[in-house]
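Below: the structure, in structure tokens.
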Amino acid sequence: MAERSVTHATFSLERSYDAAPARVFGAWADPGRKRRWFAEGEGWQIDEFTADFKVGGFERSRFRFKGGVPIRNDTTYHDIVPDERIIFAYTMTIGENRISASLATIEFRPDGGRGTKLVFTEQGAFLDGLDKVESRQGGWGELLEALGRALQS
Amino acid sequence: MSARSAVHGSFTLERVYDASPARVFQAWANIEAKARWFVGPADWQVLERTLEFRVGGRERLRGRKGSGVISTFDSVYLDIVPDRRIVYSYDMHLDETHISVSLATVQLEPEGGGTRLILTEQGAFLDGYDDAGSRERGTRVLLEQLGAALARQAAGDR
């Protein structure tokens, strides 16, 4: 029988963007906009990106880095407050192995005159020793940087 | 604009049951078996129960409390390893108010002839809803009810 284990961990990231909450929220809510900073990138091949941004809606992205092993993100939206909050659960699967199940809370708060402070909190269950919270936190840190670049363009 | 907030927290509960991991797992996987323990208090009345036990499948349990408040549990299964592990995320509503979103992990480990169950809940409590530990207490009661259902089943087998 395969070894099974679960490591639970939580992390939080904050970023300030020089864009209104409605615009930052829209970068998550609009599948076309989200795809650009979330999935596309140098060396990444996108095999699927289907989003249904509504409470109870399901989103799947499948991608590979430089022809490597298939990676899949399956997301279910639990809570949506326009321009203020998104909560979703998601799993990451590499090849045939599910490596994590997580709950992510994204809060959009007005920051200064017209900016937004984004607070990202992930509560995760990392499965069977196949992933670590440190690498997950690093990955989301890079994604939030990519979001910042997308908001500037 | 209403005040929005999300307060994050977690808890872990452990129980040892005198039943095999396969049997404890079935008490979660099978709708009739789950209905024997996944219920509200005595003055609670079930309104709707569905269970689609597969990864990506949904579950709903709606019931009316003695106070008249309707509680709704809506769940999505994220990971299932037969006889070993169940991970799901779920929403709780009280009437129309969305009070929480949680990630729950149930781990089953053989122990002696029985099973150690470890339940970990990581949650976001929403918009000032003050849980004050009631989720943990409520989950503890559910695990006691699960133990009683497993004991009744074992007695019925003899």
Side-chain angles (χ1 to χ4, degrees), chain A residues 1-12 21 25 55-60 72-93 96-110 119-128 130-131 133, chain B residues 1-12 21-22 25 55-60 72-93 96-110 117-127 129:
Chain A
M1 197 185 284
E3 272 303 304
R4 296 294 183 176
S5 66
V6 184
T7 303
H8 294 95
T10 297
F11 65 87
S12 211
F25 178 86
V55 172
F58 180 72
E59 175 177 307
R60 169 168 287 177
R72 192 173 86 226
N73 174 317
D74 286 334
T75 291
T76 301
Y77 289 100
H78 278 276
D79 185 66
I80 296 173
V81 181
D83 304 344
E84 294 186 58
R85 184 172 69 209
I86 303 168
I87 303 179
F88 56 89
Y90 76 102
T91 57
M92 293 297 298
T93 304
E96 300 295 311
N97 297 311
R98 196 169 295 114
I99 64 167
S100 67
S102 306
L103 189 67
T105 303
I106 305 163
E107 296 165 90
F108 307 88
R109 299 173 184 161
V119 182
F120 178 100
T121 304
E122 173 157 333
Q123 298 166 288
F126 298 93
L127 306 177
D128 305 327
L130 298 171
D131 200 5
V133 65
Chain B
M1 190 160 57
S2 55
R4 296 294 183 174
S5 63
V7 175
H8 297 93
S10 69
F11 63 84
T12 299
F25 182 83
V55 172
R58 313 271 171 132
E59 176 178 8
R60 167 171 279 194
T72 308
F73 165 94
D74 278 308
S75 169
V76 182
Y77 286 94
L78 303 178
D79 184 60
I80 296 173
V81 181
D83 304 344
R84 301 296 296 272
R85 183 167 71 210
I86 306 166
V87 185
Y88 55 96
S89 53
Y90 74 94
D91 298 298
M92 283 301 302
H93 283 81
E96 301 303 311
T97 306
H98 193 189
I99 61 165
S100 66
V101 188
S102 303
L103 181 73
T105 305
V106 177
Q107 293 167 266
L108 305 176
E109 297 172 357
L117 181 151
I118 306 165
L119 186 151
T120 305
E121 173 157 334
Q122 299 161 285
F125 292 98
L126 304 178
D127 304 331
Y129 171 76

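A, B, ... follow the sequence lines: proteins, then strands. Residue 1 opens every chain.
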Problem - Proximal component of A:Ala9, with respect to chain B [non-hydrogen, under 4.5 Å] - result: backbone
Practice task
Verify the distance criterion only: is there a donor paired with an acceptor across the side chains of A:His8 and B:Ser10 at less than 3.5 Å?
Solution key: no
Handout entry: Main-chain N/O of B:Ser5 paired with A:Arg85 side-chain donor or acceptor, under 3.5 Å
Key = yes
Problem - Option that, when pairs with chain B are counted at under 4.5 Å, heavy atom only, ranks first among A:Gly124, A:Ser102, A:Ala89, A:Gly56 - result: A:Gly124
Completion exercise
dist A:Phe108:CZ -> B:Arg4:CZ (nearest 0.5 Å) comes out at 13.5 Å
Fill in the blank from the handout: Whatever's closer than 4.5 Å to a heavy atom in chain B on A:Val6 counts as both
Handout entry: Test item: B:Val55 and A:Arg98 side chains (from C-beta on) under 4.5 Å apart, heavy atoms
Key = yes
Handout entry: B:Val87, part contacting chain A, at a heavy-atom distance under 4.5 Å
Key = side chain
Fill in the blank from the handout: Separation between CD1 (A:Ile99) and CG (B:Asp79), nearest 0.5 Å, reads 11.5 Å
Practice task
Identify which of A:Leu127, A:Val119, A:Thr76 forms the greatest number of heavy-atom pairs closer than 4.5 Å to chain B.
Solution key: A:Leu127
Handout entry: Pair A:Thr105, B:His8: side-chain N/O donor-acceptor within cut-off below 3.5 Å
Key = yes
Completion exercise
Smallest heavy-atom separation, B:Arg85 atom then A:Arg4 atom, equals NH2-NH1, 3.6 Å
Practice task
Side chain from CB out, backbone as N, CA, C, O: work out which of these in B:Tyr90 comes under 4.5 Å of a heavy atom of chain A, or both, or neither.
Solution key: backbone
Exercise for the section: Under 4.5 Å, counting heavy-atom pairs only, tell me which of B:Val76, B:Asp74, B:Leu103, B:Thr12 racks up the most with chain A. Expected result: B:Leu103
Problem - Salt bridge flag under 4.0 Å for residues B:Arg84 and A:Asp128 - result: no
Practice task
Output, in order, the C-alpha distance, side-chain angles, deciding distance and verdict of side-chain contact (heavy atoms from CB on, under 4.5 Å) for A:Leu103 and B:Val101.
Solution key: CA-CA 8 Å; A:Leu103 189 67; B:Val101 188; 3.5 Å; yes
